[in-house]
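Quick notes on the structure that follows.
When a residue number appears, it is its place in the shown sequence, counting from 1. Everything numeric here is computed off the predicted structure, so don't read it as measured data.
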Amino acid sequence: MHRAIGERDLAETAVGEAAARDLFRDVVLAREFDERALSLQRRGWMPGYPPFRGQEGSQVGAAHAMADGDWLFPTYRSNAMQLARGVPASDILLFRRGFAEFHSGPDVNNFTQAVPIASQLPHAVGAGMAMNYRDDEHAVVAYLGDGATSEGDFHEAMNFAGVFDAPVVFLCENNNWAISLPRERQTASDSIAQKAEAYGFEGVQVDGNDPVAVYETVGGALADAREGNPVLVESLTYRQGAHTTSDDPERYRPAEEDLPEWRTADPLERFETYLREQGVVDDVFVAECRADAEAELDAAIEAAEAVDAPDADDVFDYVYAERTPRVDDQQRWLTSYLERHDPQQREF
Ligand SMILES: Cc1ncc(C[n+]2csc(CCOP(=O)(O)OP(=O)(O)O)c2C)c(N)n1
């Protein structure tokens with residue numbers, strides 16, 4: 001497994017000083033985004049929010065390893081990746097508020113965030129196969145959680161990727177929890193990475209709280225994928241917060257996790273300490289990153305709040321390309337419910 005922080009000088013890694021500062025800047029931005037988005041949800045501005053606190057280092061490291069033209073197939077959890085790929089923070093917030101059209105930001109190759117677990121994976125492999133047919137040299141990163149590895153879609157996608165040499169990196173962010181189900185109850189395999197072997201390609205583990213190691217590992221995996229060799233990367237990290245704002249992890253999470261310290265370490269604090277030791281960042285730079293992140297989020301929230309609230313009926317427009325009778329029934333039910341109970345609730 002690839003672990004760098006504290007074990008290697010930055011000069012020995014594939015990340016130069018300027019690139020390390022860029023990584024740090026985006027990890028700070030991701031943390032600021034996550035905290036501000038949580039507060040917005042708490043004051044009722046959006047219906048729900050899935051925090052990614054603890055996973056910023058993994059997501060930013062992976063996003064920086066991608067080429068601009070590569071495609072990301074994200075989930076609800078991977079907003080830090082989208083942010084680091086250049087999706088405006090206001091778009092991510094508006095998407096979470098219920099505007100489907102803000103799903104990926106202009107000119108960024110991101111597929112829509114998947115909420116049905118693992119459903120993005122066959123799509124991602126299909127996109128990779130299409131790249132092969134078109135002689136397109138780009139690759140795909142298919143993001144998933146540890147829970148997704150129990151879905152049939154995961155195994156079908158892995159099988160197709162192996163058979164058709166699809167240029168796909170499966171980035172499994174193992175944050176140790178799938179809502180209340182711990183990793184050891186998810187699979188009896190020793191690792192998630194080893195599942196790749198059954199499909200004829202490589203699986204690797206990486207310290208997901210080390211953005212440098214993730215950058216190197218995902219970068220190497222993307223290079224292999226472009227040669228027709230898919231890779232499964234298991235990024236070992238930890239979900240510090242709740243599954244979503246509807247969840248209470250105190251109901252199921254032990255007070256003390258039986259995990260090594262590096263696994264639950266805060267990626268932001270750890271990276272900052274490392275970069276200070278390496279002489280790559282100082283007080284001035286760290287303060288500047290924080291101030292810039294705050295200003296960026298101030299502006300993003302102002303822009304997002306200036307958009308009128310979505311209408312409750314929008315929910316029904318994006319389920320299928322064409323309406324089904326059942327969706328029509330559900331819309332009629334909601335309309336009559338809101339008229340009877342609370343007409344004001346037509347807006348969030
Ligand atoms: C097909 C499907 N089954 C069940 C759910 C309910 N559900 C939402 S999130 C989740 C757990 C996912 O865990 P994991 O894949 O580890 O991702 P994480 O939330 O940790 O990022 C489940 C079971 C769903 N969204 N889709």
(request) Could you check whether the rings of F201 and Y199 sit parallel, tilted or perpendicular, using 30° and 60° as the cut-offs? (result) tilted
(request) Please check if the side chain of D70 supplies one atom and the backbone of A139 the other of a donor-acceptor pair under 3.5 Å. (result) yes
(message) For E197, is the CD atom crowded, meaning more than 12 foreign heavy atoms sit under 6.0 Å from it?
(response) no
(request) Would you mind reporting whether E234 and S191 have side-chain heavy atoms less than 4.5 Å apart? (result) yes
(message) Can a donor-acceptor pair be found, under 3.5 Å and without considering hydrogens, that links the side chain of D266 to the backbone of E269?
(response) yes
(request) Determine yes or no for a side-chain-to-main-chain donor-acceptor pair under 3.5 angstrom, with R96 supplying the side chain and G48 the backbone. (result) yes
(request) Please answer whether the main-chain N or O of V280 pairs with a side-chain N or O of E17 as donor and acceptor at a distance below 3.5 Å. (result) no
(message) Looking only at side-chain N and O atoms, does Q186 offer a donor or acceptor that is under 3.5 Å from a partner on D146?
(response) no
(request) Tell me, with the steps shown, if N209 and R270 meet side-chain hydrogen bond (donor to acceptor under 3.5 Å, both in side chains). (result) CA-CA 8 Å; N209 293 328; R270 196 175 173 231; 5.7 Å; no
(request) Would you check if the side chain of Q59 reaches a backbone N or O of R77 as a donor-acceptor pair within less than 3.5 Å? (result) yes
(request) Just say parallel, tilted or perpendicular for the rings of F160 and F164, cut-offs at 30° and 60°. (result) parallel
(request) Check each of H123, M66, M131, M129 against V140 using the side chain to side chain contact (heavy atoms under 4.5 Å, CB included) test, and report the only one that passes. (result) M131
(message) Between E257 and W177, do the side chains contain a donor N or O and an acceptor N or O under 3.5 Å apart?
(response) yes
(message) Treating S58 as the side-chain partner and Q55 as the backbone partner, does any N or O pair qualify as donor plus acceptor under 3.5 Å?
(response) no
(message) Can you give me the closest heavy-atom contact between V168 and G128, atom names plus distance?
(response) CG2-CA, 4.3 Å
(request) Could you tell me whether the side chain of L29 reaches within less than 4.5 Å of the side chain of E56, counting heavy atoms only? (result) no
(request) Report the residues that fulfil salt bridge (charged side-chain N to carboxylate O under 4.0 Å, His left out) with D136, sequence neighbours left out, ordered by chain and then residue number. (result) none
(request) Report yes or no: does S39 contribute a side-chain atom to a donor-acceptor pair with the main-chain N or O of E35 at less than 3.5 Å? (result) yes
(message) Tell me the closest heavy-atom pair linking R85 and D68, and the distance in Å.
(response) NH2-O, 3.2 Å
(request) Not counting sequence neighbours, which residues clear salt bridge (charged side-chain N to carboxylate O under 4.0 Å, His left out) with E296? List them please. (result) none
(message) Does any part of the side chain of R25, heavy atoms only, come nearer than 4.5 Å to the side chain of V28, both counted from C-beta?
(response) no
(message) Could you check whether any side-chain heavy atom of R226 comes within less than 4.5 Å of a side-chain heavy atom of E137, counting everything from C-beta outward?
(response) no
(request) Check whether any side-chain N or O of T324 sits under 3.5 Å from a backbone N or O of V327 as a donor-acceptor pair, and report yes or no. (result) yes
(message) Is any side-chain heavy atom of F73 closer than 4.5 Å to one of L121?
(response) no
(message) For A118 versus D153, what's the shortest heavy-atom pair and its separation?
(response) O-CB, 3.3 Å
(message) Could you see if L181 belongs to whatever hydrophobic cluster contains L144? Use Ile, Leu, Val, Met, Phe, Trp, Tyr and a side-chain cutoff under 4.5 Å.
(response) no
(message) Taking V231's backbone N and O only, do any of them form a donor-acceptor pair with E202's side chain (distance below 3.5 Å, no angle check)?
(response) no
(request) Hey, can you tell me if F33 and F52 have their rings parallel, tilted or perpendicular (30° and 60° cut-offs)? (result) parallel
(request) Would you check if the side chain of N109 reaches a backbone N or O of L72 as a donor-acceptor pair within less than 3.5 Å? (result) no
(message) For E184, I'd like to know if atom CD has over 12 heavy atoms of other residues, nucleotides or ligands within 6.0 Å.
(response) yes
(message) Quiz question: by atom type and distance under 3.5 Å, do the side chains of Y143 and E173 form a donor-acceptor pair?
(response) yes
(message) With a 4.0 Å cut-off on N to O distance, would you call D329 and R332 a salt bridge?
(response) yes
(message) Could you check whether D298 pairs with R36 (Lys NZ or Arg NE/NH1/NH2 to Asp/Glu carboxylate O, under 4.0 Å)?
(response) yes
(message) I need the single residue from D207, N174, T237 that forms a side-chain hydrogen bond (donor to acceptor under 3.5 Å, both in side chains) with R263. Which is it?
(response) N174
(request) State whether a side-chain donor-acceptor pair under 3.5 Å links H64 with D26. (result) yes
(request) Look at atom CZ of R185 and say whether more than 12 heavy atoms of other residues, nucleotides or ligands are closer to it than 6.0 Å. (result) no
(request) Might you confirm whether atom CD of E227 has over 12 heavy atoms from other residues, nucleotides or ligands at distances under 6.0 Å? (result) no
(message) Could you tell me if D34 and Y49 have a donor-acceptor pair between their side chains, going purely by distance under 3.5 Å?
(response) yes
(request) For T75 and Q82, work out which heavy atoms get closest and say how close. (result) O-OE1, 4.2 Å
(message) Under a 3.5 Å threshold, yes or no: a donor from one side chain and an acceptor from the other, between S189 and K195?
(response) yes
(message) On a heavy-atom basis, which atom in F99 and which in A309 lie closest, and how many Å separate them?
(response) CZ-C, 4.0 Å
(request) Report whether Y133 and F111 are members of the same hydrophobic cluster (ILVMFWY, side-chain heavy atoms less than 4.5 Å apart, transitive linking). (result) yes
(request) Check whether any side-chain heavy atom of R97 sits under 4.5 Å from a side-chain heavy atom of L93, and report yes or no. (result) no
(message) Distance alone, cut at 3.5 Å: any donor-acceptor contact between the side chains of Q331 and R323?
(response) yes
(message) I'd like to check V60 versus Y215 (side-chain heavy atoms, cut-off strictly below 4.5 Å). Are they in contact?
(response) no
(request) Establish whether L38 and Y76 are linked, either directly or via other cluster members, by ILVMFWY side-chain heavy-atom contacts under 4.5 Å. (result) no
(message) Suppose we screen for side chain to side chain contact (heavy atoms under 4.5 Å, CB included). Which residues come up paired with D258, at least two apart in sequence or across chains?
(response) none
(message) Counting C-beta onward and ignoring hydrogens, is there a side-chain heavy-atom pair between L83 and N79 closer than 4.5 Å?
(response) no
(request) Taking atom types as modelled, find out whether R340 and S336 have a side-chain donor-acceptor pair closer than 3.5 angstrom. (result) yes
(message) Does this structure show an ion pair linking R276 with D283, if we count only N-O contacts that are shorter than 4.0 Å?
(response) yes
(request) Work out which heavy atom in A63 is nearest to a heavy atom in A84; give both atom names and the distance. (result) CB-CB, 3.6 Å
